[in-house]
Each structure stands twice: as C-alpha cells, then as structure tokens.
Amino acid sequence: MINKKLLKVMNEQIKYELESYYLYLSMAAYFHSISLDGMAHWMRAQAHEEMIHAMKFFDHILDRGGKITLLDLKQGKTDWKSILEAWQDTLEHEQFITQKINDLTTVARNEKDYASEPILAFFTGEQIEEEATASRILDQVSMVAENKSGIFLLDRELGTRIFPPGSPMDASAAAK
Ligand code: FEO
C-alpha cells in the first residue's frame, strides 16, 4: 500500500504532468499559427510524452492500491510574444517539474516508501534529459535569433522528432 503523504503528492504530480501536456499542446498551436510546423511537431511529440508521464504515475498509484484523485488543471499560458519566449518557458517549466520530482523523492525517502524508488529514479533521469534538451534548443534559438533562414533550418530539424507508432498527436499519422 502506498504511503498516504506520498499518495497526495503523487496525485498532484499527475496534475503537473497533465498541465505539461496542455502547455506543450498550446505551444504546438502557437507554432502552427506562425507556420513553424517543425517546432509544432516537436511540441506535439513532447505533449505525447507528458501524457505518458501522467499515466506512469496513474498506474503506479493503482498498482499500489492507492486512490487516484484527478485535480483541476490550472489555466496555462496560451500565447507567446516570440519563438524565444516559448523556448524559455519550456526550459523554465522543465526546471519546475524537476523540482517537483525532487520534492516527491524527499517525501518518499522521509516516509521510507521504498517501492516508489524505481519510478522516482526513472523520473530523476528523465528530467536530466528533458532539461538538457530544452536548454540545447533554447541555445540554438538564441543563436539564430532574428535570422530567418536559421529559424527555418532549425524548424526543419525539430520536425524530424520521431513519434511512438500510432500516436494521436502525430498529425501526419492521423491524416493517413
Ligand atoms: Fe514530464 Fe517534461 O516532464
């Protein structure tokens, strides 16, 4: 049975992961609206990954006999003044999520909830990767700044991100 304090923060984490899903979906809509479909594609793939994250916590709680409580999602940002601002928000958001995973790990350790160690170790590693990726893309966006051909090339590169097969987030798969 999952520890009660950990259950509470893990239910909150489902909300944060779903808010991440929503944020990246909003960013996908923003990038589509300015015809940067490669960046939109990257954000759609990121949103897909966030739904998987939410479901990992969802299933962990179920497997351990806990009660799922789906909380209200906060209204997130729905527009950005620039491409740079969107990528800055991406990195900032991932740093926020890393802090939440650290907080979860602290609760699990304090409560001696050893069964949650594998899933929390997975997310600790995942956050290193997510921050590194967001930081690298932000650096590249800053590098090309107002250079339109640089943005165009970066957009094409980000459009090559691979979706898991059958993802409903993949516009090209949905069109088939
Ligand atoms: Fe689920 Fe991007 O952290």
Side-chain angles (χ1 to χ4, degrees), residues 2 6-32 36 38-64 66 68-80 83-109 113 116-142 154 157-164 166-171:
I2 190 165
L6 186 63
L7 174 64
K8 182 175 179 294
V9 284
M10 218 175 254
N11 268 311
E12 286 167 6
Q13 192 63 31
I14 293 176
K15 163 188 147 74
Y16 294 132
E17 299 294 345
L18 291 175
E19 284 174 353
S20 307
Y21 165 83
Y22 236 44
L23 174 68
Y24 296 132
L25 197 54
S26 251
M27 287 191 185
Y30 163 70
F31 284 125
H32 278 306
L36 288 173
M39 291 194 188
H41 172 96
W42 193 96
M43 285 297 172
R44 291 167 77 123
Q46 188 61 27
H48 177 107
E49 206 165 296
E50 299 302 350
M51 182 60 78
I52 292 174
H53 291 173
M55 294 313 293
K56 274 187 190 289
F57 285 114
F58 186 101
D59 287 333
H60 182 80
I61 291 173
L62 283 183
D63 287 348
R64 301 203 42 216
I68 305 279
T69 307
L70 293 179
L71 304 167
D72 285 352
L73 302 188
K74 123 182 145 190
Q75 174 65 59
K77 203 161 159 177
T78 56
D79 210 0
W80 286 268
I83 302 164
L84 187 66
E85 186 185 278
W87 287 104
Q88 280 165 339
D89 282 3
T90 301
L91 177 58
E92 248 175 57
H93 183 72
E94 288 307 328
Q95 288 165 338
F96 166 78
I97 294 293
T98 298
Q99 188 52 54
K100 291 295 167 193
I101 298 294
N102 290 346
D103 294 347
L104 269 174
T105 305
T106 302
V107 173
R109 286 188 183 164
D113 189 295
S116 63
E117 276 180 9
I119 189 173
L120 293 175
F122 166 84
F123 276 102
T124 299
E126 185 73 7
Q127 283 312 118
I128 294 172
E129 199 185 304
E130 299 240 313
E131 278 196 39
T133 304
S135 174
R136 184 173 46 81
I137 298 173
L138 176 59
D139 281 350
Q140 292 172 352
V141 170
S142 307
L154 189 54
E157 189 199 316
L158 293 174
T160 60
R161 185 170 176 180
I162 310 278
F163 276 98
S167 171
M169 308 302 293
D170 183 357

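When a ligand or atom number is given, it counts from 1 through the structure's own listing order. When a residue number appears, it is its place in the shown sequence, counting from 1.
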Got a second to check how far Ile137's CD1 is from Thr90's OG1, nearest 0.5 Å? 8.0 Å
With sequence neighbours left out, write down each residue that passes ring pair (Phe, Tyr, Trp, His ring centres under 6.0 Å) with Phe123, or none if nothing qualifies. His53, Phe57
Excluding sequence neighbours, so at least two apart, what forms salt bridge (charged side-chain N to carboxylate O under 4.0 Å, His left out) with Glu19? Lys15
Less than 4.0 Å between a side-chain N and a carboxylate O, is that true for Lys56 and Glu126? no
Without swapping roles, check the side chain of Glu94 against the backbone of Gln127 for a donor-acceptor pair under 3.5 Å. no
Heteroatom count (protein N, O or S) under 2.8 Å of atom 2 (Fe) of ligand 1: 4
In chain order, what residues pass the salt bridge (charged side-chain N to carboxylate O under 4.0 Å, His left out) check against Glu49, with sequence neighbours excluded? Arg161
